2 protein chains.
Amino acid sequence: MAARGPGMVTARQVAESLGVAVSTVGRALADDPRISPRTRLAVREAAERLGYVENLPAQMMRGGSSRMIGLMLPDIRNSFYATIADALSTCCDAAGYQLVVSIADSAEAEARHVRQLASARAAGIVIVPTPAPQAETCAMLARIPHVQLLRRVRELSPAWFGIDDMECLRAGTAHLIARGHRRIAYIGGSGDYSTGADRLAGFRRAFTEAGLDLAGAIEHLGPPADPRFGAEAAAALLAAADPPSAIITGAVQLTGAVLQAIAGRPLSEGREPALVGFGDEPSFSWWRGELTAIAMPIQELAQACGGWLIARLETGAAIEAHASIASAQLVEYRRAS
Amino acid sequence: MAARGPGMVTARQVAESLGVAVSTVGRALADDPRISPRTRLAVREAAERLGYVENLPAQMMRGGSSRMIGLMLPDIRNSFYATIADALSTCCDAAGYQLVVSIADSAEAEARHVRQLASARAAGIVIVPTPAPQAETCAMLARIPHVQLLRRVRELSPAWFGIDDMECLRAGTAHLIARGHRRIAYIGGSGDYSTGADRLAGFRRAFTEAGLDLAGAIEHLGPPADPRFGAEAAAALLAAADPPSAIITGAVQLTGAVLQAIAGRPLSEGREPALVGFGDEPSFSWWRGELTAIAMPIQELAQACGGWLIARLETGAAIEAHASIASAQLVEYRRAS
DNA sequence: ATGAAAGCGCTAACAG
DNA sequence: CTGTTAGCGCTTTCAT
């Protein structure tokens with residue numbers, strides 16, 4: 001049931017409509033110099049007229065590439081990942097590849113989707129892996145040129161493109177410490193993810209680097225993609241007997257959730273906690289108070305990642321070890337007065 | 001260059017490793033009842049051990065379906081479309097299909113991507129068409145079961161799933177009129193898009209239904225996906241000699257741009273324009289003033305759309321005319337006091 | 001400059 | 001229960 005209507009047109013049909021051989025059609029369409037200009041034109045015209053569309057599966061059986069690059073993401077609604085998909089799509093498009101976006105947020109779904117990409121013989125894969133991919137997933141990926149993005153798992157490719165997670169949170173936290181904050185709460189992802197562990201480490205490092213006691217560091221760890229967790233953590237902090245003077249988040253989703261939670265309570269002038277949010281979104285510009293965003297060059301990161309993979313695919317070079325680390329920048333939003 | 005490493009394992013290799021025929025392997029893997037349990041087990045075990053992954057292109061040449069559904073979107077960073085991709089992905093996943101997301105925001109890119117989906121023999125396509133698809137695009141889609149989503153173009157499938165665009169803006173505008181506003185500005189997409197034209201018509205209809213003169217209706221029309229346009233329109237309105245008392249937007253992107261533009265100016269108590277924004281986002285909850293959101297059940301819409309298409313694919317039924325219209329709901333956000 | 005034929009990996013019809 | 005064979009649409013020798 002691949003395609004219906006009058007059915008797909010084959011090269012053979014084009015050939016018959018002209019009384020030539022299939023091989024002639026194939027050559028004409030491939031701009032083979034051995035075909036006479038007259039024949040080539042006739043073939044192209046007939047193909048167009050009949051609505052001929054090349055059959056990729058058949059071409060692949062002859063050793064052709066699928067020119068498809070798979071992108072495995074945990075969540076497309078996350079602006080972070082949407083930006084990546086967008087940048088990679090542009091990147092692939094320019095190089096004549098097609099990006100196939102797969103959304104899978106569990107190791108099982110991940111395995112299913114990787115299998116589908118493998119069975120479709122995707123030329124390459126860019127993957128933001130789940131924290132603990134199945135053995136089968138790793139086995140399949142071992143046979144497909146692939147790159148890890150953002151998250152990193154030991155079992156997969158040694159090629160990785162990501163951001164300096166530790167530095168992101170170290171810088172954000174240091175920013176707060178420099179402004180005099182001593183009781184700082186961190187709401188972030190648990191250590192299951194490589195990124196979660198690194199970010200937490202960065203938060204702690206800022207304290208030790210400043211010679212501060214970690215007693216002032218309050219940590220709320222949970223699922224980084226769950227807004228409910230962020231909202232509850234923020235609510236708990238605000239309602240506490242001795243609330244922190246500042247809050248810093250360690251995941252895009254959590255930042256939004258925390259803002260939402262704070263916005264839900266009445267504005268208590270002068271008592272609002274200082275905020276540092278992971279990620280940078282247009283909507284931060286209308287936050288009611290001051291907010292420092294940890295902005296990352298994800299677009300450039302994705303471009304670099306896609307370009308790198310495509311270059312290996314084109315040259316046929318092996319996927320050697322590679323690590324590209326992008327660093328973040330703090331952006332300050334303050335309300336117009 | 002389909003896949004490297006030790007190269008992909010074929011059914012023949014599995015067969016040879018066991019000294020059986022290829023067809024036996026094929027049957028065992030397909031759970032054919034005619035194969036003895038012992039052989040079947042041996043085959044499955046060998047396949048697993050060797051890392052065999054079925055070759056979709058080869059299966060397709062035998063008439064098998066690609067079980068791939070293409071989704072053509074103009075912009076994945078738009079939360080609207082991201083939600084659709086997410087919902088459809090879930091939908092497809094549950095039915096054993098794979099969603100292939102393609103991002104194309106021009107008629108040319110659209111044609112390229114549709115061609116790629118066609119050549120890959122996608123089983124079906126869900127498309128948010130560009131305003132004027134190329135003739136070639138239409139010709140190719142005529143041979144592939146497809147459904148239009150949100151936007152509607154006459155040249156394509158008679159099957160369409162969308163929202164009642166006119167009613168959305170009529171209701172939003174009527175809401176403002178009911179609250180006493182008489183000078184209302186509309187910032188929306190130009191009439192090139194089916195949705196743009198309908199939304200503008202809804203805006204105007206609210207005026208005539210209320211027996212009001214259209215002189216109070218200010219219209220700024222432009223590219224609906226361009227935040228710059230939204231920002232400039234908002235800035236112009238606010239700076240005008242006689243600014244409108246209310247602003248209503250006609251596209252998700254424009255709503256954000258307008259909020260951002262207003263947030264950039266100092267808060268002038270009591271003089272802020274009333275706002276009705278197209279779309280509904282979590283970030284609206286921290287808008288500094290009052291805001292009414294036009295919330296649409298896009299998730300349900302996408303689910304319905306995907307379910308409908310998959311049902312036709314499974315049964316082999318033709319894609320008959322169909323129109324499913326979802327209606328919106330107004331959601332009010334007001335700052336906590 | 002073009003045609004004929006082989007074969008990619010798989011499934012299904014036909015033979016044992 | 002299992003093996004043999006044909007053929008899906010295409011590219012690529014090898015022959016004209």
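So that the names make sense, note that chain A is the first sequence line, chain B the second, and so on, each numbered from 1. Fair warning: this is a prediction, and the values are worked out from it, not measured in the lab.
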Quick check for you: among [options], whose closest atom lies nearest to any side-chain atom of [X]?
X: A:S23; options: D:dT2, D:dG9, D:dT12; answer: D:dT12
X: A:A58; options: D:dG3, C:dG9, D:dG9; answer: D:dG9
X: B:M61; options: D:dG9, D:dC1, D:dC10; answer: D:dG9
X: B:S36; options: D:dC10, C:dT11, D:dC1; answer: D:dC1

Kindly say whether [Y] contributes a backbone atom to a donor-acceptor pair with the side chain of [X] at under 3.5 angstrom?
X: B:S157; Y: B:H146; value: yes
X: B:R67; Y: B:G96; value: yes
X: B:R121; Y: B:S65; value: no
X: B:E155; Y: B:P133; value: no

Quickly work out the [X] [atom1] to [N] [atom2] distance and round it to whole Å.
X: A:L29; N: D:dT11; atom1: CG; atom2: C1'; value: 12 Å
X: A:L56; N: D:dT11; atom1: CG; atom2: P; value: 10 Å
X: B:M60; N: C:dC8; atom1: CE; atom2: C1'; value: 15 Å
X: A:D31; N: D:dT12; atom1: CG; atom2: C1'; value: 17 Å
X: A:D32; N: C:dT2; atom1: CG; atom2: C1'; value: 11 Å
X: A:N55; N: D:dC8; atom1: CG; atom2: C1'; value: 9 Å
X: B:R12; N: D:dT4; atom1: CZ; atom2: P; value: 11 Å
X: B:R121; N: D:dG9; atom1: CZ; atom2: C1'; value: 9 Å

message: Regarding D:dG3, can its base be found pairing with the side chain of B:R27 as donor and acceptor, where the two atoms are less than 3.5 Å apart?
response: yes
message: Determine whether a donor-acceptor pair (one donor, one acceptor, N or O, separation below 3.5 Å) exists between the side chain of B:R62 and the base of D:dG7.
response: yes
field: Position toward the 5' end of DNA chain D (nearest nucleotide), A:P57 or B:T24
entry: B:T24
- prompt: Between A:H322 and A:W308, how do the two ring planes meet: parallel, tilted or perpendicular, split at 30° and 60°?
  reply: tilted
query: OP1 or OP2 of D:dT11 sitting under 4.0 Å from any side-chain N/O of A:Q59?
result: yes
